[in-house]
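Worksheet for the structure shown next.
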Amino acid sequence: MGIYEELQARGLIAQVTNEPEIRELVNHGKATFYIGFDPTADSLHVGHFMALCLMKRLQMAGNRPVVLIGGGTGYVGDPSGRSDLRSMMTPEIIQHNCDCFKKQMERFIEFGEGKAIMVNNADWLLKLNYIDLLREIGCCFSVNNMLRCECYKQRMEKGLSFLEFNYMIMQSYDFYYLFQHYGCNMQVGGDDQWSNMLGGTELIRRKLGKDAHAMTITLLMNSEGKKMGKTASGAVWLDPNKTSPFEFFQYWRNVGDQDVLKCIRMLTFLPLEEIDKMAGWEGSQLNQAKEILAYELTKLVHGEEEAQKAKTASHALFVGGGDDENMPATELTDAQLADGSIGVLELLVACGLAASKSEARRLVQQGGVFADGEKVASIDAAFPAEKLRIGVKLRKGKKVFHKAVLKA
RNA sequence: GGGGGAAUUCCCGAGUGGCCAAAGGGGACAGACUGUAAAUCUGCUGUCAAUGACUUCGGUGGUUCGAAUCCACCUUCCCCCA
């Protein structure tokens, strides 16, 4: 089984420009492919992670990865999959985000001589001259065709600025540039990038009369058709300071039944035979699959040690015992106490379990708050200093645990 | 450049002088049921020293006893004409 077949079996390939040629290319390690990452935040998220994994798989099969950091395209902003205008980022923020991306990527992909390379499109895009670009590249694009692209169609009602309209041209130019300077013959990206990527292959064909390829990765959707890797409070980040390994673990531990196998197949590096065995699992046995998924992913992103810790903590909290070693905790100071104790409401807010005291009040009144295993019955409940010094284990709802400790 | 419309709470969306902290839906959160899943039902969803008070309907001023609602200007967006 070649790498192409494996990717297919894992459900990772969404669309390709020319299947036989791409199959030939990647199965024989003859592809030099690039994936672009726009510095839209100061950490990578799950979507990026999928792309990096794909990169790694292709690299293991002998192909050469090129990581493109969008230091230049970040100035423009990709309208794909967006219903509104992206807020414009300052050069400082873009630079900062680029640096953060670089650091995180080095954990997943090996860079260096004969290995992966990293380039930044700021190096060539920022130098472009408007008139030259229009004459050289602009003439190759049909506005009529561009407007037919899905990524713009969605924006025709809400408004699309000329700035964003140019994103496709920038991305196409990247491919054109990499094709010439790095021998890059394939672009890989999320499925929402399809039209932007075709812009590149088209440009190469028109300008150079040569064929380049494009392959898109299936977007990871849950059974409700929503993009995975998002929580109510935002993306699931790879940066442990933004999404702790425990939270990361729990996110995957809690995916729906219908989505577990798909996630394992697409995201982990477990052998396919092993995954196929799980396909028959049902009911509570599927719970095991979720743990495997959570463990494997946490291991990939945060390392084996953190994965083990997260798993242990999860077991302690949900299966029983009372191990609170890896529970998220908040340290209180004497200043937060009044008359040697602190009320539940204040405590919940201090620990970040409630956004306001009103919310805390609601939680307690609805019976959703537990302290050391006991339901907190009244909003007037208070915790004395002696108790806090030992540590109070708080539970909000069924799944949110937090420890509050008074600093000695 | 000319004309017409729009902006409401996390999102969609009602509200055209007092009965508005603002209908309805979605989401989120909590309870019951469960397997840390899904479905379902219930509650809840601005803040606070909480039968009350305070802040919020794009922004800034104004009219009024009283403004999400009326007026002026500004900002952003949409539609039509060029």
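So that the names make sense, note that chain A is the first sequence line, chain B the second, and so on, each numbered from 1.
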From the set B:A49, B:G35, B:A30, return the single nucleotide nearest to any side-chain atom of A:Asn287.
B:G35

Can you measure A:Ile292 atom CD1 to B:U36 atom P for me and round it to whole angstrom units?
16 Å

Do the side chain of A:Ser244 and the main chain of A:Pro240 share a donor and acceptor less than 3.5 angstrom apart?
no

In the strands shown, is B:A32 matched to any nucleotide by a Watson-Crick or G-U wobble pair with both distances under 3.5 Å, and which?
B:U40

Under a 3.5 Å cut-off for both distances, is B:C77 Watson-Crick or wobble paired, and to whom?
B:G5

Candidates B:G35, B:C29, B:U47 - which lies nearest the side chain of A:Lys396
B:C29

For B:G18, the nucleotide meeting Watson-Crick or G-U wobble distances (both under 3.5 Å) is B:C65

Taking the same atom, P, in B:G24 and in B:A67, what whole-Å distance lies between them?
26 Å

In this structure, how many angstroms lie between the C1' atom of B:A37 and the CH2 atom of A:Trp281, rounded?
15 Å

Pairs flagged by ring pair (Phe, Tyr, Trp, His ring centres under 6.0 Å) wherever residues 381-408 of chain A is involved - sequence neighbours left out:
A:Phe318-A:Phe401

Considering just the side-chain nitrogens and oxygens of A:Lys399, establish if one lies under 4.0 Å of OP1 or OP2 belonging to B:A37.
yes

If we ignore hydrogens and angles and just use 3.5 Å, is the side chain of A:Arg395 paired with the main-chain N or O of A:Gly397 as donor and acceptor?
yes

Could you work out the separation of B:G13 and B:G58 based on their P atoms and round it to a whole Å?
14 Å

Interatomic distance at C1', B:G27 relative to B:U60, whole Å:
34 Å

Taking the same atom, P, in B:A50 and in B:A72, what whole-Å distance lies between them?
44 Å

B:U42 to B:U47 separation - P atoms, rounded to the nearest Å
24 Å

Using a heavy-atom cut-off of 4.0 Å across all strands, would you classify A:Lys357 as base, sugar-phosphate, or nothing?
sugar-phosphate

Spacing of A:Leu353 atom CG relative to B:A28 atom C1', expressed in whole Å:
16 Å

Could you check whether A:Gln95 and A:Asp99, counting side-chain N and O atoms only, form a donor-acceptor pair closer than 3.5 Å?
yes

If you pin A:Phe370 and A:Glu359 to their nearest nucleotides in RNA chain B, which one's is more 5'?
A:Phe370

With P as the reference atom in both, quote the distance from B:G35 to B:C44 in angstrom, rounded to an integer.
28 Å

A:Leu261 CG to B:A37 C1': how many Å, rounded?
13 Å

Under 4.0 Å between a side-chain N/O of A:Ser358 and OP1 or OP2 of B:U45, yes or no?
no

Distance check: side-chain N/O of A:Arg361 vs OP1/OP2 of B:G46, anything under 4.0 Å?
no

Taking 4.0 angstrom as the limit, do A:Arg23 and A:Glu5 come out as a salt bridge?
yes

Looking at A:His48 versus A:Phe101, is the centre-to-centre ring distance below 6.0 Å?
yes

Between B:C29, B:C33, B:U36, which nucleotide has the shortest distance from any of its atoms to the side chain of A:Lys398?
B:C33

Taking any heavy-atom pair under 4.0 Å as a contact, classify A:Arg362: base, sugar-phosphate, or nothing.
sugar-phosphate

Across every strand shown, the nucleotide meeting Watson-Crick or G-U wobble geometry with B:G24 (both distances under 3.5 Å) is B:C12

May I have the distance from A:Gln250 (atom CD) to B:G35 (atom P), rounded to whole angstrom?
17 Å

When you match A:Leu160 and A:Val255 each to their closest nucleotide on RNA chain B, which lands nearer the 5' end?
A:Val255

Spacing of A:Leu345 atom CG relative to B:A50 atom P, expressed in whole Å
11 Å

Roughly how many Å is it from CD in A:Gln365 to C1' in B:A50, rounded to a whole number?
10 Å

Donor-acceptor contact below 3.5 Å, side chain A:Asn120 vs main chain A:Gly71
yes

Using the P atom in both, what is the distance from B:C19 to B:G52, to the nearest Å?
14 Å

Measure from the side-chain heavy atoms of A:Gln366 and tell me the nearest of B:C48, B:G35, B:C44.
B:C44

Which of the following nucleotides, B:A30, B:A37, B:U36, is nearest to the side chain of A:Ser314?
B:U36

Tell which nucleotide pairs with B:A53, taking only Watson-Crick or G-U wobble pairs whose two distances are both under 3.5 angstrom.
B:U47

What is the distance from CD1 of A:Ile379 to P of B:A49, rounded to the nearest Å?
10 Å

When rounded to the nearest Å, what value does the distance between P atoms of B:G17 and B:C12 take?
25 Å

